[in-house]
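Worksheet: the structure to be examined is printed underneath.
Protein chains get the first letters and strands the later ones, always in sequence-line order, with residue 1 at the start of each.
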Amino acid sequence: MSVRIGVLALQGDFAEHGAMLGRLDAEPVEVRQTSDMDGIAGLIIPGGESTTIGKLMERYGFREPIRDLAQSGKPIWGTCAGLILMARDVGRCQPLLNLLDITVERNAFGRQTDSFETDLEIEGISGGPFPAVFIRAPVVRDVGPGVQVLSRLEDGTIVAVRRGRLFGTAFHPELTGDTRLHASFVEMARQA
Amino acid sequence: MSSNGSVSKNTETVKRGLAQMLKGGVIMDVVTAEQARIAEDAGAAAVMALERVPADIRAEGGVARMADPEKILEIQAAVTIPVMAKCRIGHFVEAEVLQSLGVDYIDESEVLTPADEEHHVAKSGFDVPFVCGCRNLGEALRRIGEGAAMIRTKGEAGTGDVVEAVRHMRRVMSELRQIQHMRPDELYAYAKDIQAPLHLVQEAAELGRMPVVNFAAGGIATPADAALMMRLGCDGNFVGSGIFKSGDPAQRARAIVEATTNFEDSALVAEVSRNLGEPMVGIANSSLQPEEMLAGRGW
């Protein structure tokens, strides 16, 4: 049976995540209001501008429902802006979900001309390196107890983390043709 | 658990990717650091750093050029969201200057006075991505052929009249629908007719959409205008004079952001449109002389 995966659709590349889910055995649901979360087995918080998404999330009262979803054991995955929103601390004042005990630095590589693509080994993802697209990307500077590091750049910078069923990636699997991360998320949602 | 270390910068994926991150958002024209902060606080996905907004360019006349680099640096320092800036059509040195300042996107814009009446900037050679205006699919695909990583309608900037943006978006979306139903051999003749690179016509036909992100721009002044453009199929909105030439810019900016997100929810558009204060005064496009129209600039 196809599993319903919510994609927070307040701003950003939610349609790209939806297209990836559509290629798998999953039914993407665009979440614009908290009532759109009814019956979803997992939630993706997409790339976009974290300040824009955060303000709209606050405006429409998403903070508690998303924290409740996490509490109920459903998987949540943030990409780039989504990772920022899931963090505890980003070094400045902006609305955050505080779902992962991590400190994130925004725009850690600099401006757009410092954006890049590379290949990453990601723990738990077999079949060779994963194509990773970093766009004005954040990085994880510090992880709290219980947060597992899934991937690092060559210089040791943390770019993917997990705690239980909560995931954060600094890069954008939804901009590649590689569905392995989405497939593993859908599988986890199915089992949760 | 290590990367193989090989890093590629400034690829098409990365250039087009930033525009994908702006989707569903509003990019606001600002002329000061203070306005940039108001825009960011209101939920802007990016700001366009300018010397003068289009309504003032229109009112004051004269040659409109790239903004003072000092102004752009001030605005970059004030916000964490992407900062775009405009260069004149064909003015590749202004584009190089903007790239050296580290702007996140360059708008090669008909709102400024064109520097070249035949050639646009050869955008593929730049590290920084470009957005360009269009009135139809052929113009959009010519710009993408030159290296644009994002497209917007031209609309008629600085008027507060959405009619030209609607005309351009309807035209583009209609042409995209037409090519999806063409036989492969018809695409050759069509590409010739609309003076667009064949491979991009084929790509758009295959995808059933513009090969890059496609925003609306030019004359958007109200939350309902923003929602209208989204309903016509655009990916997000540029709002120029419409915000900081209105009575209460912060509130109007927030309302336009919300209407862009919830464009299908008319009750919400109604709610955010209440008591917004004075919109920008506006100039009806039908009252403009042909030589006063900016959208005809660009080739």
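Residues B:K23 and A:A15 come closest through the heavy atom pair NZ-CB, 4.2 Å. Closest approach of A:S115 and B:V14 over heavy atoms only: CB-CG1, 3.3 Å. Nearest heavy-atom pair across A:T113 and B:K9 is O-CD, 3.7 Å. The nearest pair of heavy atoms linking A:K55 to B:D41 is CD-O, 3.1 Å. When all heavy atoms of B:T13 and A:L175 are compared, the pair lying nearest together is CG2-O, 4.3 Å. For the pair B:A45 and A:E49, the tightest heavy-atom approach, listed with the atom from each and the gap, is O-CG, 3.0 Å.
Per-residue heavy-atom pair counts under 4.5 Å with chain A were compared for B:D235, B:V213, B:T80, and the maximum is reached by B:T80. Between chain A and the residues B:E264, B:Q99, B:E40, the largest count of heavy-atom pairs under 4.5 Å involves B:E40. Of the listed residues B:G43, B:A42, B:P82, the one with more heavy-atom pairs under 4.5 angstrom with chain A than any other is B:P82. In terms of non-hydrogen atom pairs under 4.5 Å with chain B, the most contact-rich of A:G48, A:P46, A:G110 is A:G48. For the set B:G236, B:A44, B:G102, the entry with the most heavy-atom pairs within less than 4.5 Å of chain A is B:G102.
Rounded to the nearest 0.5 Å, atoms CZ (B:R254) and CG (A:L56) are 11.5 Å apart. Considering CG of B:D127 and CD of A:Q112, their distance stands at 10.0 Å, rounded to 0.5 Å. In this structure, OG1 in B:T260 is found 12.5 Å from CG in A:L10, a value given to the nearest 0.5 Å.
Remark: A:R106 CZ is packed, more than 12 non-hydrogen atoms of other residues, nucleotides or ligands lying under 6.0 Å away. Within 6.0 Å of CZ in A:F116 there are more than 12 heavy atoms belonging to other residues, nucleotides or ligands. Counted within 6.0 Å of CZ on B:R274, heavy atoms from surrounding residues, nucleotides or ligands total 12 or fewer; the atom is thus considered open. For CD of B:E206, the number of neighbouring non-hydrogen atoms (other residues, nucleotides, ligands) closer than 6.0 Å is 12 at most.
Contact of A:I135 with chain B is made through the side chain alone, with heavy-atom distances under 4.5 Å. Only the side chain of A:Y60 comes within less than 4.5 Å of a heavy atom of chain B; its backbone N, CA, C and O stay farther away. Interface residue A:Q33: only side-chain heavy atoms are found under 4.5 Å from chain B.
Between A:R111 and B:D104, at least one side-chain nitrogen of the basic residue sits less than 4.0 Å from a carboxylate oxygen of the acidic one, meeting the salt-bridge criterion.
Residues A:H172 and B:M21 meet the side-chain proximity criterion, which asks for heavy atoms closer than 4.5 Å.
Panel note: side chain B:Q20, backbone A:G12; no donor-acceptor pair is recorded below 3.5 Å.
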